[in-house]
Enquirer: 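Structure incoming, see below.
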Amino acid sequence: NAGVTQTPKFQVLKTGQSMTLQCAQDMNHNSMYWYRQDPGMGLRLIYYSASEGTTDKGEVPNGYNVSRLNKREFSLRLESAAPSQTSVYFCASSKTGSGEEQYFGPGTRLTVT
Amino acid sequence: AQRVTQPEKLLSVFKGAPVELKCNYSYSGSPELFWYVQYSRQRLQLLLRHISRESIKGFTADLNKGETSFHLKKPFAQEEDSAMYYCALRTIQGAQKLVFGQGTRLTINP
């Protein structure tokens, strides 16, 4: 099992460009999450999906949209990238949302110039 | 609002010495606390959770509701313990959400 996979690993965007970060899990988990990691700020939740067909905002949703394409896949879209969105993005999944372990992907390092 | 504070960004100790990574939280209800760890070139992974009350890789953490703390301890540090450690809080209201602290980078010197 690959666990949680993310593409791409690295990306450089110019201000105003758009892109979609892809995430997939093969563990048959119901819940999926997108976090961003910034120095000195830890991980902050952007959006999450408790189950297929549902999505909800986390702590820092502005400037992002998500799609839970099916049970396996949860994508994060930046419609108009800004330098403040330069960060490392992590996708995670868990069996349910009820305090169980979250399994993380390897991360995507995004730079917006 | 729920918050997790890890006061030390960096912590350096010698091999064989005791290590304690501090975590304090703010939440008025009954929290669930976790420690996650990220070793170099590896993914973030769960180290332990307070409800399990278990020791993983020699680490333990006790939830102190009076002091609202969940410090991570190990009596004898090993070089392979060098990593980034995150304390995280799950609240009943935010059942789907974890609130992470800022993280502590632990370095074990030989």
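We name chains A, B, ... by the order of the sequence lines, and we start the count at 1 in each one. Given the structure is predicted, the values throughout are model-derived calculations rather than measurements.
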Enquirer: Which atoms of A:Gln37 are under 4.5 Å from chain B, going by heavy atoms: the side chain, the backbone, both sets, or neither?
Expert: side chain
Enquirer: Could you give me the CA-CA distance, side-chain angles and deciding distance for A:Ser18 and A:Arg77, then say whether side chain to side chain donor-acceptor pair (under 3.5 Å) is met?
Expert: CA-CA 7 Å; A:Ser18 62; A:Arg77 183 160 178 84; 3.2 Å; yes
Enquirer: At a 4.5 Å cut-off on heavy atoms, which part of B:Gln6 comes close to chain A: side chain, backbone, both, or neither?
Expert: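 No part of B:Gln6 comes within 4.5 Å of chain A.
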Enquirer: Let me know if A:Phe90 has heavy atoms under 4.5 Å from chain B in its side chain, its backbone, both or neither.
Expert: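 Side chain only.
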Enquirer: Take the angle between the ring planes of B:Phe59 and B:Tyr85 and call it parallel below 30°, perpendicular above 60°, tilted in between.
Expert: tilted
Enquirer: Within residues 105-113 of chain A, which residues come under 4.5 Å of chain B, heavy atom to heavy atom?
Expert: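 Heavy-atom contacts from residues 105-113 of chain A to chain B are A:Gly105, A:Pro106.
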Enquirer: Taking the side chain as every heavy atom from C-beta outward, state whether A:Thr5 and A:Gln25 have any pair of such atoms under 4.5 Å apart.
Expert: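 SC-SC contact between A:Thr5 and A:Gln25 ruled out.
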Enquirer: So with a 6.0 Å cut-off around OH of B:Tyr39, is the heavy-atom count from everything else above 12?
Expert: yes
Enquirer: When the ring planes of A:Phe104 and A:Tyr35 are compared, do they come out parallel, tilted or perpendicular, using 30° and 60° as the limits?
Expert: tilted
Enquirer: Does one side chain, of A:Asp38 or A:Ser87, offer a donor that lies under 3.5 Å from an acceptor on the other?
Expert: yes
Enquirer: Looking at side-chain heavy atoms only, is the closest gap between B:Cys23 and B:Trp35 below 4.5 Å?
Expert: yes
